[in-house]
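First the structure, in the form of structure tokens, and then the observations on it.
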Protein chains: 2
Amino acid sequence: MLTHERHEYILKYLDEKKTIKIQDIVDSTGASESTIRRDLTELENMQKLERVFGGAVLPGRNLQESSVADKAARNLQEKKRLAKFAASFIQKGDSVFLDAGTTTYQMIPYLKDKEVVVVTNGLTLVESLNEHGITTYLTGGLMKPLTGAFVGAQTIQSLGNYRFDICFLGANGFHAEYGYTTPDPEEAAVKKRASTLARKTYILADHSKANKVSFAKIMDLDQGILLTDQIAGNILEVIEKKTNVKVVSS
Amino acid sequence: MLTHERHEYILKYLDEKKTIKIQDIVDSTGASESTIRRDLTELENMQKLERVFGGAVLPGRNLQESSVADKAARNLQEKKRLAKFAASFIQKGDSVFLDAGTTTYQMIPYLKDKEVVVVTNGLTLVESLNEHGITTYLTGGLMKPLTGAFVGAQTIQSLGNYRFDICFLGANGFHAEYGYTTPDPEEAAVKKRASTLARKTYILADHSKANKVSFAKIMDLDQGILLTDQIAGNILEVIEKKTNVKVVSS
DNA sequence: TCCAAAATCAATCATAATCATTCATAAGCA
DNA sequence: TGCTTATGAATGATTATGATTGATTTTGGA
């Protein structure tokens with residue numbers, strides 16, 4: 001069976017049943033599990049489907065809710081720990097840039113008593129920041145429905161009006177050679193811009209992001225301080241040569 | 001049964017019946033109690049439901065939402081009529097400024113087929129615009145918690161990047177001598193700025209705003225076209241001398 | 001009201017399923 | 001032949017699951 005035929009089969013099946021199990025595909029196509037996994041990964045990159053544990057589903061029509069909320073729920077406790085740790089680096093009265101993202105979102109409760117001014121590009125963060133009584137500026141611009149992050153020339157320009165004492169960014173991967181990366185080039189550009197406007201930049205990325213490389217580069221490792229939870233010994237050594245790493249005490 | 005499938009099942013069931021028992025889910029999915037508990041915990045983290053003893057219910061709307069929703073519910077039908085009327089002035093392909101506010105919010109469904117590009121200063125409008133697949137830029141800036149409107153120098157500056165074919169503003173009062181007014185001076189400044197960048201400006205204000213004067217002036221009556229529902233005869237005459245008025249046909 | 005039984009709960013553990021990654025091989029193509 | 005791409009098997013890691021435990025909450029009768 002041709003690769004293309006399998007892809008067609010998967011998509012057609014998905015279109016009818018909305019959901020598909022890897023084992024079922026293996027049984028009906030005769031291909032190996034590895035191959036089917038590769039198929040699904042590829043189709044996911046084309047945004048034709050969304051992978052879930054054990055199979056795949058049609059991409060949520062309400063992407064904002066389904067996939068972002070999914071991610072937010074995952075490892076919530078670890079995210080909170082990392083967020084609290086990150087917030088501990090903030091001084092009273094700092095001007096803070098807070099990147100859009102589920103981990104940075106968890107930092108908000110810990111900003112309450114710091115008398116900070118926050119600038120963010122995250123739509124979902126604004127309301128929560130306001131509820132906590134934190135003075136907040138939103139960059140504005142064009143919104144990415146998937147992440148609720150603002151991007152584009154307008155966003156970049158907005159940022160130029162500010163200087164930050166401290167800047168917190170999310171990243172999908174960090175790698176000794178390729179630096180910090182994230183899937184969307186436009187979001188990467190915003191992150192980079194924010195970083196250059198800050199006296200100190202911290203990147204929040206848990207251990208699952210170690211050695212991962214995503215499509216768009218944000219910046220090199222040495223441009224920021226990495227905050228993470230735990231990390232395998234030998235990887236840590238390589239990374240530590242390039243950047244300053246701080247690990248949450250467990 | 002995939003984890004994702006169970007989640008879908010639970011949410012769908014909840015959406016119909018408003019309430020769900022753990023035992024019922026166990027019986028109908030065949031999964032263990034532990035698993036279902038974990039499902040519910042996760043869905044609660046996503047704010048898709050609220051756990052109660054023995055099961056789960058649909059999440060209760062928080063206070064912030066309810067008070068805004070209250071306001072929105074008031075005269076909802078009239079607002080929708082006025083909004084639909086306003087949208088009828090939009091040409092295909094127009095660049096549109098949409099002011100923050102409950103009436104302008106109701107215009108969104110009618111923008112769908114107009115292939116417009118929208119710029120707005122209203123936080124609550126962005127998500128709805130995105131759901132309707134409308135290309136949207138948010139001005140950003142400092143948010144006014146009560147109205148969800150962005151204001152300040154940042155907002156004003158953002159606006160300077162655009163020119164609008166058509167501009168829709170809300171107002172709390174219109175008056176022959178004092179013009180269009182609104183309670184917040186900063187919001188008034190944004191409205192005025194948007195108006196000067198537009199070829200045509202429409203103000204949406206129902207009859208209850210007639211002859212009312214609020215603290216901050218947006219602009220004189222002759223700077224825009226007033227859209228309203230009905231208006232007492234003698235007032236209308238006075239207003240009409242100063243501005244172009246269009247009344248919804250009832 | 002109070003108490004005890006029943007139901008439900010969170011937390012933990014071991015197991016099973018699924019996962020990404022790597023490597024060696026096979027197939028396609030110049 | 002030499003090169004690229006696709007495949008399948010093996011691995012160790014990650015995630016999901018079900019059973020068990022003892023704690024907590026609800027229920028219903030005295």
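Computed from a prediction, not measured in an experiment: that's the story for all the values here. Here is how names work: the chains are called A, B, and so on, in the same order as the sequence lines, proteins then strands, and each is numbered from 1.
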> How does each nucleotide of nucleotides 18-26 of chain C score, in 5' to 3' order, for protein heavy atoms under 4.0 Å: base (B), sugar-phosphate only (S), or none (-)?
Replying inline: SBSS-----
>> Distance check, rounded to the nearest 0.5 Å: A:Arg163 atom CZ versus A:Arg199 atom CZ?
In response: 12.5 Å
> What distance separates A:Leu111 CG from A:Ile90 CD1, expressed to the nearest 0.5 Å?
Replying inline: 4.5 Å
>> Ring-plane angle category for A:Tyr9 and A:Tyr13, please: parallel below 30°, perpendicular beyond 60°, tilted otherwise.
In response: tilted
> Does A:Tyr178 have its ring centroid less than 6.0 Å away from the ring centroid of A:Phe174?
Replying inline: no
> Please give, in whole Å, the distance from C:dG28 P to A:His4 NE2?
Replying inline: 17 Å
>> Check the phosphate of D:dT20 against B:Ser32, side-chain N and O only, distance under 4.0 Å to OP1 or OP2. Yes or no?
In response: no
> Whole Å only: how far is the CG atom of B:Asp27 from the C1' atom of D:dG18?
Replying inline: 16 Å
> Do the ring planes of A:Tyr162 and A:Tyr137 sit parallel (below 30°), tilted (30 to 60°) or perpendicular (above 60°)?
Replying inline: tilted
> In whole Å, what is the span from the CD1 atom of B:Ile36 to the P atom of D:dT17?
Replying inline: 9 Å
>> For the aromatic rings, using the six-membered ring if either is Trp, is the centroid distance between A:Phe168 and A:Phe97 under 6.0 Å?
In response: no
>> Whole angstroms only, please: what is the CD1-P distance between B:Ile25 and C:dC9?
In response: 10 Å
> D:dG18 phosphate, OP1 or OP2: any side-chain N/O from B:Thr35 under 4.0 angstrom?
Replying inline: yes
>> Nearest whole Å is fine: how far is C:dA10 C1' from B:Glu44 CD?
In response: 13 Å
> Given atom CG of B:Leu43 and atom C1' of D:dA16, what is their separation to the nearest angstrom?
Replying inline: 15 Å
